[in-house]
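In what follows, every heavy atom counts, from backbone to side chain, and hydrogens, waters and symmetry copies are set aside.
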Amino acid sequence: MRGRLIATIVAAFALAGSAPAQRPDRPLFSIGAIADAQYAAEPDSGQRLYHTTPAKLAAAVADFNRQRLAFVVHLGDFIDRDWASYDALLPVAHKLRHPWHFVLGNHEFSIDDAHKPLVAARLGMPARYYSFTAHGWLFIVTDGNDLSSYAWPEGSAEHQASMAAHAALYPDKPLWDGGIGDAQLRWIDAQLAGADRRGLKAMLFSHFPLYPENQHDLWNAPAVMALLERHPSAKIWLDGHNHDGNYGVRAGIHYVNLKAMLDTPETAYARLDFFADRVVVHGTGRQQDMTLPLR
């Protein structure tokens, strides 16, 4: 009897000391996301509440610092204009205790031509587009200003090629949008092919939407969507640019357009929780909650 009791106690201690099973309500990991902080040292203009951005960004950083996050991404238009705006807003961002990942928006380049080649480095980006892996996911940071009227110095080869592409292929598209060039498309294709082979899930970050169709989309949105749909690893495209936000799903891929932080008297940002079968968006301020089942 005494021996049986000891065995029971030993088994109970062994069970208590074993690693706990993953709780179904606990995410595998989480990230933070902000779209369009878009600061400028300018008077407010209509819905563009420039004076509110530093305090709203500081509050979001403080909130994120209280949470366990793998990283935080800003989805483009960190500033509205002027090179000096980076000096005003980056010290606020640098109080974040997690890694930052920045995406280039069109307003990143509302600066003088001399500084345009320096933007990615100013934001601490390794390149204008790049990828990284975390927790079994591939994250692809895209550059939707690859083809554009504004992101390259006037008269440069890149600017001339962009304007020629717009005139020949996208004459009806707004010049304040942009496109992804052929070299970057090939790179994205190769990145997703690698994720397919490795069994990784992929989320792509962009400033510009792809879907549903509207005036804020990339010039070559149909070609980019066709590329994504060839790859089972592609799960979610996360973007900004359209300040009102948007959402659509096509071929099982979620296209999530977060609402802008800039033009609301409250705020807008999100935490994304990653589970094996879904990603859950927890919005703050005017950003709504969403659940994104993974195909």
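- To the nearest 0.5 Å, the span separating OH on Y39 from OG1 on T53 amounts to 8.5 Å.
- In this structure, I140 CD1 and Y130 OH are separated by 12.0 Å, a value rounded to the nearest 0.5 Å.
- Note on F274: it clusters hydrophobically with F132, by side-chain heavy-atom contacts below 4.5 Å among ILVMFWY residues.
- Using bins of under 30°, 30° to 60° and over 60° for the plane-to-plane angle, the ring pair F139/W137 lands in the parallel bin.
- Checking side-chain atoms of Q160 against main-chain N and O of G155 turns up a donor-acceptor pair under 3.5 Å.
- Taking the six-membered ring where the residue is Trp, F102 and W100 present parallel rings, their angle staying beneath 30° rather than reaching 60°.
- Grouping Ile, Leu, Val, Met, Phe, Trp and Tyr by side-chain contacts under 4.5 Å, direct or through others, leaves L49 on its own.
- In this structure a side-chain-to-backbone donor-acceptor pair under 3.5 Å is present from D113 to E154.
- Residues F205 and W237 fail the side-chain proximity criterion, which asks for heavy atoms closer than 4.5 Å.
- Partners of R250 under the salt bridge (charged side-chain N to carboxylate O under 4.0 Å, His left out) rule, at least two apart in sequence or in another chain, are E229.
- In this structure, D273 and S30 approach most closely via the heavy-atom pair OD1-OG, 2.6 Å.
- In this structure a side-chain-to-backbone donor-acceptor pair under 3.5 Å is present from N65 to K95.
- Summarising the geometry, atom OG belonging to S110 is positioned 7.5 Å from atom CG belonging to D77; distances are rounded to the nearest 0.5 Å.
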Exercise answer: donor-acceptor pairs, residues 253-265 side-chain atoms, under 3.5 Å, sequence neighbours excluded:
| residue | atom | partner | partner atom | Å |
| --- | --- | --- | --- | --- |
| H254 | ND1 | Y247 | OH | 2.7 |
| H254 | NE2 | P293 | O | 2.6 |
| N257 | ND2 | D239 | OD1 | 3.3 |
| N257 | ND2 | G240 | O | 3.0 |
| N257 | ND2 | N242 | O | 3.4 |
| K259 | NZ | D244 | O | 2.8 |
| D263 | OD1 | H243 | ND1 | 3.4 |
| D263 | OD1 | R286 | NH2 | 3.4 |
| D263 | OD2 | H243 | ND1 | 3.1 |
| T264 | OG1 | E266 | N | 3.2 |

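- Pairs engaging residues 80-92 under the salt bridge (Lys or Arg N to Asp or Glu O under 4.0 Å) rule: R48-D80, D87-R122 [sequence neighbours left out].
- Applying the salt bridge (Lys or Arg N to Asp or Glu O under 4.0 Å) rule to pairs touching residues 201-217 yields nothing, sequence neighbours excluded.
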### Query
Going through the checks in order, is the side-chain hydrogen bond (donor to acceptor under 3.5 Å, both in side chains) test met by D289 and H282?
CA-CA 5 Å; D289 297 343; H282 298 277; 4.9 Å; no
### Task
Check step by step if side-chain contact (heavy atoms from CB on, under 4.5 Å) holds for V280 and L272.
CA-CA 6 Å; V280 179; L272 281 68; over 6 Å; no
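- E108 places a side-chain N or O within 3.5 Å of a backbone atom of G105 that can act as its donor or acceptor partner.
- Looking only at distances, a side-chain donor or acceptor of N214 sits under 3.5 Å from a matching main-chain atom of P212.
- Among all heavy-atom pairs drawn from H231 and L227, the shortest one is CD2-O, 3.2 Å.
- At a threshold of 4.5 Å between non-hydrogen side-chain atoms, the residues F109 and L104 count as touching.
- Of all the heavy atoms in I31 and M203, the pair that sits closest is CD1-SD, 4.4 Å.
- F275 is listed as a side-chain neighbour of P27, based on a closest heavy-atom distance under 4.5 Å.
- When all heavy atoms of F29 and A70 are compared, the pair lying nearest together is CD1-CB, 4.2 Å.
- Not counting sequence neighbours, the partners of D63 by the salt bridge (charged side-chain N to carboxylate O under 4.0 Å, His left out) test are R66.
- Classification of the W83-H115 ring pair by plane angle, with boundaries at 30° and 60°, yields parallel.
- No donor-acceptor pair under 3.5 Å is formed between the side chain of H51 and the backbone N or O of E42.
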Determine all donor-acceptor pairs shorter than 3.5 Å in which one atom belongs to a side chain in residues 176-183; sequence neighbours excluded.
| residue | atom | partner | partner atom | Å |
| --- | --- | --- | --- | --- |
| D177 | OD1 | H241 | NE2 | 2.7 |

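- With rounding to the nearest 0.5 angstrom, the CH2 atom of W219 is 6.0 Å from the OG atom of S162.
- With sequence neighbours excluded, no residue forms a salt bridge (charged side-chain N to carboxylate O under 4.0 Å, His left out) with R198.
- A 4.5 Å side-chain heavy-atom check between L294 and D277 finds every atom pair outside the cut-off.
- With hydrogens and angles ignored, the 3.5 Å screen pairs no side-chain donor or acceptor of T142 with any backbone N or O of G144.
- Side-chain contact between I79 and I111: present, with at least one pair of heavy atoms (C-beta onward) separated by less than 4.5 Å.
- For the residue pair V281 and A270, the shortest heavy atom distance occurs at CG1-CB, 3.8 Å.
- Judged by distance alone, with hydrogens and angles left aside, the side-chain atoms of R295 form a donor-acceptor pair with the main-chain N or O of A234 at under 3.5 Å.
- Sequence neighbours left out, not one pair with a member in residues 146-165 passes ring-ring contact (aromatic ring centres under 6.0 Å, His included).
- Listed by first and then second residue, the salt bridge (Lys or Arg N to Asp or Glu O under 4.0 Å) pairs involving residues 129-153 are R128-D143 (not counting sequence neighbours).
- With contacts defined as side-chain heavy-atom distances shorter than 4.5 Å, the pair L89/L57 qualifies.
- Not a single salt bridge (charged side-chain N to carboxylate O under 4.0 Å, His left out) links D36 to another residue, sequence neighbours left out.
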### Task
Under the side-chain contact (heavy atoms from CB on, under 4.5 Å) rule, what do L90 and L123 come out as? Steps first, then yes or no, please.
CA-CA 8 Å; L90 278 171; L123 291 170; 4.1 Å; yes
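- Here the straight-line distance linking atom CG of L169 with atom CG of L147 works out to 9.0 Å at 0.5 Å rounding.
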### Task
Starting from the C-alpha separation in whole Å, work towards a yes-or-no answer on side-chain contact (heavy atoms from CB on, under 4.5 Å) for V249 and Y211.
CA-CA 8 Å; V249 60; Y211 183 82; over 6 Å; no
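- Here H101 and F71 bring their ring centres to under 6.0 angstrom of each other.
- With a 4.5 Å cut-off on side-chain heavy atoms, L204 and I188 count as touching.
- Between D189 and R186, none of the side-chain N atoms (NZ, or NE/NH1/NH2) sits under 4.0 Å from a carboxylate O, so this pair counts as no salt bridge.
- Atom OG of S233 and atom CG of L192 lie 4.5 Å apart (nearest 0.5 Å).
- Counting only heavy atoms from C-beta outward, the side chains of L210 and L228 approach each other to under 4.5 Å.
- V92 and Y50 fall into different hydrophobic clusters, where Ile, Leu, Val, Met, Phe, Trp and Tyr are joined by side-chain heavy atoms under 4.5 Å apart, directly or via other members.
- The aromatic ring centres of F78 and H74 sit less than 6.0 Å apart.
- Remark: Y269 engages F64 in a ring-ring contact (aromatic ring centres under 6.0 Å, His included) (not counting sequence neighbours).
- Here the closest heavy-atom approach between residue S85 and residue A40 is recorded as OG-CA, 3.9 Å.
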